[in-house]
*Asks:* 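Pasting a structure here, questions to come.
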Amino acid sequence: MRLSRYFMPTLKEDPKEAQIASHRLMLRAGMIQQSSAGIYSWLPLGQKVLKNIENIVRDEQNKAGALEILMPTIQPAELWRESNRYDDYGKEMLRITDRHDREMLYGPTNEEQVTDIFRSNVRSYKDLPLNLYHIQWKFRDEVRPRFGVMRGREFLMKDAYSFDLDYEGAKIAYNRMFVAYLKTYARLGLQAIPLRADTGPIGGDLSHEFIILADTGESEVFYHKDVLNLQTPEDRDYSPEELQGIVDTWTSLYAAADEMHDPDNCPISGDELVTRRGIEVGHIFHFGQKYSAAMGANVTGPDGKDVTVSMGSYGIGVSRLVGGIIEACHDENGIVWPEEVAPFQVGLINLKSGDEACDAACEDLYAKLNAAEVEVLYDDTSDRAGAKFANMDLIGLPWQFSVGPRGVKNGVVEVKNRKTGEKEELSPEAALAKLIG
RNA sequence: CGGGGCAUAGCACAGCCUGGUAGUGCGCUCGCUUUGGGAGCGAGAGGUCGCAAGUUCGAAUCUUGCUGCCCCGACCA
């Protein structure tokens, strides 16, 4: 992509409404534009990152055996009356009346919708286990939206729903998602920590939230220092026993959010305990028969008798992750994207557009990167070198290739790693080899 | 939902107290000089001062109402 043909309205100064790093940087990098409180348009750069995250999440869900569907954003109030949540949900639910005076709502989540799909179509235990997920926009009419896309009203979320015959089956489904989440966050370049979460009135021990560490996190977290050294599961299928082993390993070390942490009764010693702030980026939850019982989601069991299925739900805040990743990955100059989610792998900087030798060297590199299918953003504009450097640092592409008259004369390109800041002068071939192959 | 604040050019702000021709910086356009870490000079474009009433000869400025946005807290993926 040539920057001269791209739409990336960057800002030199900080917008006053943005208080935290991710919000400020997303606005400055031209990733998003606010439409109203907690509602954003995604501009090309932001959209690209959002899609990259979404695709990684999707890939890991598919690998875990979940099946992708797409449920509507607008749902009928009738379904929510069945679970009694229409009245319970309160003002956070955006209610809409259509032209026929029918009560509708913009879905804040999809348990009712997916349970309806299940009960309409699944009759036999032979069709279980089943896990359906979708990646769809949700709306929660937060009293006070803030922190940009981290706490918006409209947000993109992956939510999966598992259906099993009994608790034992549901537990396997839960563990499978648990492991899929560990793999997902690792691929996103994040160090995620599962915390035992409050299961509320339903009880049970099957609820975890996944948080990533960032100084601007909304809640305080307490964990055993060794949690950060645990091994991420391999990219392969695991048996139910292996899944349980991985979950046991990850949950045996202490980790809790502030509402679950009791300093007076902490099971580990002070020098093992680390306290930091975290951002919740996922939540998995076994809720048993709460919706299946209320809505009549039954299957015929092996013995010919009806069984109310056991369910769980598994959410990942996809749009929130964009902000979350920036909170975890930035410095004073801007964003520092992990390679897997970066909108482009490399920024190609022409330090003197219009100079014949520079232009030719850049065009050659640009063509070769494109041919090798390396995503490249080529700054071919007539801005000054300093402005180009600052902009590239701001948008945080993992690599920068700088081509100027001086380098061209010596047959070298300056290669900079955005994360480490290391620069080296390489021949164009050696620079290409760093990214290709 | 309690408390506080803000609304003037694309962005950040001054002007308001004490009513009288709408300003500064950045950005944008054109020209010249520049060109390796957000250039200099010159010339331009761009605003019914959030909306609506009111007071006044006259309102960005004073009064009232409304709307929007932000911050702290409670709440929350």
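Chain letters run A, B, ... following the sequence lines, proteins first and then strands; every chain starts at 1.
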*Asks:* If we call it a pair only when both distances are under 3.5 Å in a Watson-Crick or G-U wobble match, what pairs with B:C17?
*Replies:*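 Answer to the pairing question: none, since B:C17 forms no Watson-Crick or G-U pair.
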*Asks:* When the C1' atoms of B:A77 and B:G36 are compared, how many Å lie between them, rounded to an integer?
*Replies:*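 Each nucleotide's C1' atom is 45 Å from the other's.
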*Asks:* Both distances under 3.5 Å, Watson-Crick or G-U wobble: report the partner of B:A7, or none.
*Replies:*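 Result: B:U67.
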*Asks:* Looking at B:C71, B:A39, B:C6, which one has an atom nearest to any side-chain atom of A:Lys16?
*Replies:*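 It is B:C6.
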*Asks:* With distance as the sole criterion, is a donor-acceptor pair present between the side chains of A:Asn62 and A:Tyr133 under 3.5 Å?
*Replies:*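 Yes, side-chain donor-acceptor contact under 3.5 Å.
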*Asks:* Is A:Phe389 stacked on the base of B:G36, with ring centres under 5.5 Å apart and planes under 30° apart?
*Replies:*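 Stacking between A:Phe389 and B:G36: absent.
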*Asks:* Between atom CD1 in A:Ile20 and atom C1' in B:C71, what is the gap in whole Å?
*Replies:*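 In whole Å, B:C71 C1' lies 13 Å from A:Ile20 CD1.
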*Asks:* Using the C1' atom on both, measure B:A52 against B:G68 and round to a whole Å.
*Replies:*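 Per the computed distance, 15 Å lies between those C1' atoms.
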*Asks:* Counting just side-chain N and O atoms, does A:Arg384 come under 4.0 Å of either OP1 or OP2 of B:A39?
*Replies:*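 Yes.
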*Asks:* Could you identify the nucleotide paired to B:C28, looking across every strand shown and requiring Watson-Crick or G-U wobble geometry with both distances under 3.5 Å?
*Replies:*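 Its partner is B:G44.
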*Asks:* CZ of A:Arg140 versus P of B:C76: gap in Å, rounded?
*Replies:*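 Computing the A:Arg140:CZ to B:C76:P distance gives 11 Å.
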*Asks:* Identify the nucleotide, in any strand shown, that forms a Watson-Crick or G-U wobble pair with B:C49, with both distances under 3.5 Å; if there is none, say none.
*Replies:*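 Paired with B:C49, as far as the under-3.5 Å criterion goes, is no nucleotide at all.
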*Asks:* Looking at A:Arg146, does any N or O in its side chain come under 4.0 Å of the phosphate oxygens OP1/OP2 on B:C76?
*Replies:*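 No.
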*Asks:* In Watson-Crick or G-U wobble terms, both distances under 3.5 Å, what is the partner of B:C1?
*Replies:*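 Per the H-bond distance test, B:G73.
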*Asks:* Are A:Lys388 and B:G38 close enough that a side-chain N or O sits under 4.0 Å from OP1 or OP2?
*Replies:*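 So the side chain of A:Lys388 is outside the cut-off, no N or O lying under 4.0 Å from OP1 or OP2 of B:G38.
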*Asks:* Identify which nucleotide among B:G36, B:C26, B:U34 has an atom closest to any side-chain atom of A:Glu414, counting heavy atoms from C-beta outward.
*Replies:*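 Taking heavy atoms from C-beta onward, the closest nucleotide is B:G36.
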*Asks:* Does the A:Tyr223 side chain pair with the main chain of A:Pro194, one donor and one acceptor, at a distance under 3.5 Å?
*Replies:*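 Pair absent, no side-chain N/O of A:Tyr223 close to backbone of A:Pro194.
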*Asks:* Tell me whether the side-chain N/O atoms of A:Gln34 come closer than 4.0 Å to OP1 or OP2 in B:C70.
*Replies:*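 So the side-chain polar atoms of A:Gln34 do come within 4.0 Å of the phosphate oxygens OP1 or OP2 of B:C70, strictly under.
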*Asks:* Look at the side chain of A:Lys91 and decide which nucleotide, out of B:A39, B:C1, B:G36, has an atom nearest to it.
*Replies:*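 Given the options B:A39, B:C1, B:G36, the side chain of A:Lys91 is closest to B:C1.
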*Asks:* To the side chain of A:Glu218, which of B:C13, B:C26, B:C76 is closest?
*Replies:*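 So the side chain of A:Glu218 is nearest to B:C76.
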*Asks:* Measure CE/A:Met157 against P/B:C76 and give the value in whole Å, please.
*Replies:*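 Answer to the nearest Å: 15 Å.
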*Asks:* Would A:Arg95 count as a cation-pi partner of A:Tyr86, with NZ or CZ less than 6.0 Å from the six-membered ring centre and within 45° of the ring normal?
*Replies:*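 Yes, A:Arg95 lies over the aromatic ring of A:Tyr86.
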*Asks:* What nucleotide, of B:A74, B:G37, B:A12, holds the atom closest to the side chain of A:Val143?
*Replies:*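 Taking heavy atoms from C-beta onward, the closest nucleotide is B:A74.
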*Asks:* Taking pairing as Watson-Crick or G-U wobble with both contacts under 3.5 Å, can you name the mate of B:U61, or confirm there isn't one?
*Replies:*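 Across all strands, not a single nucleotide pairs with B:U61.
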*Asks:* With hydrogens left out and only the distance checked, is there a donor-acceptor pair under 3.5 Å joining A:Arg144's side chain and the base of B:G3?
*Replies:*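 Side chain to base: no pair below 3.5 Å.
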*Asks:* Can you tell me how far P in B:C16 sits from the matching atom in B:G20, rounded to whole Å?
*Replies:*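 It comes out at 9 Å once rounded to the nearest Å.
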*Asks:* Within 45 degrees of the axis of the six-membered ring of A:Tyr106 and under 6.0 Å from its centre: does A:Lys138 put its NZ or CZ there?
*Replies:*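 No, A:Lys138 and A:Tyr106 do not form such a contact.
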*Asks:* Is the ring centre of A:Trp80 less than 6.0 Å from the ring centre of A:Tyr89?
*Replies:*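 Judged by ring-centre distance (under 6.0 Å), A:Trp80 and A:Tyr89 do meet the cut-off.
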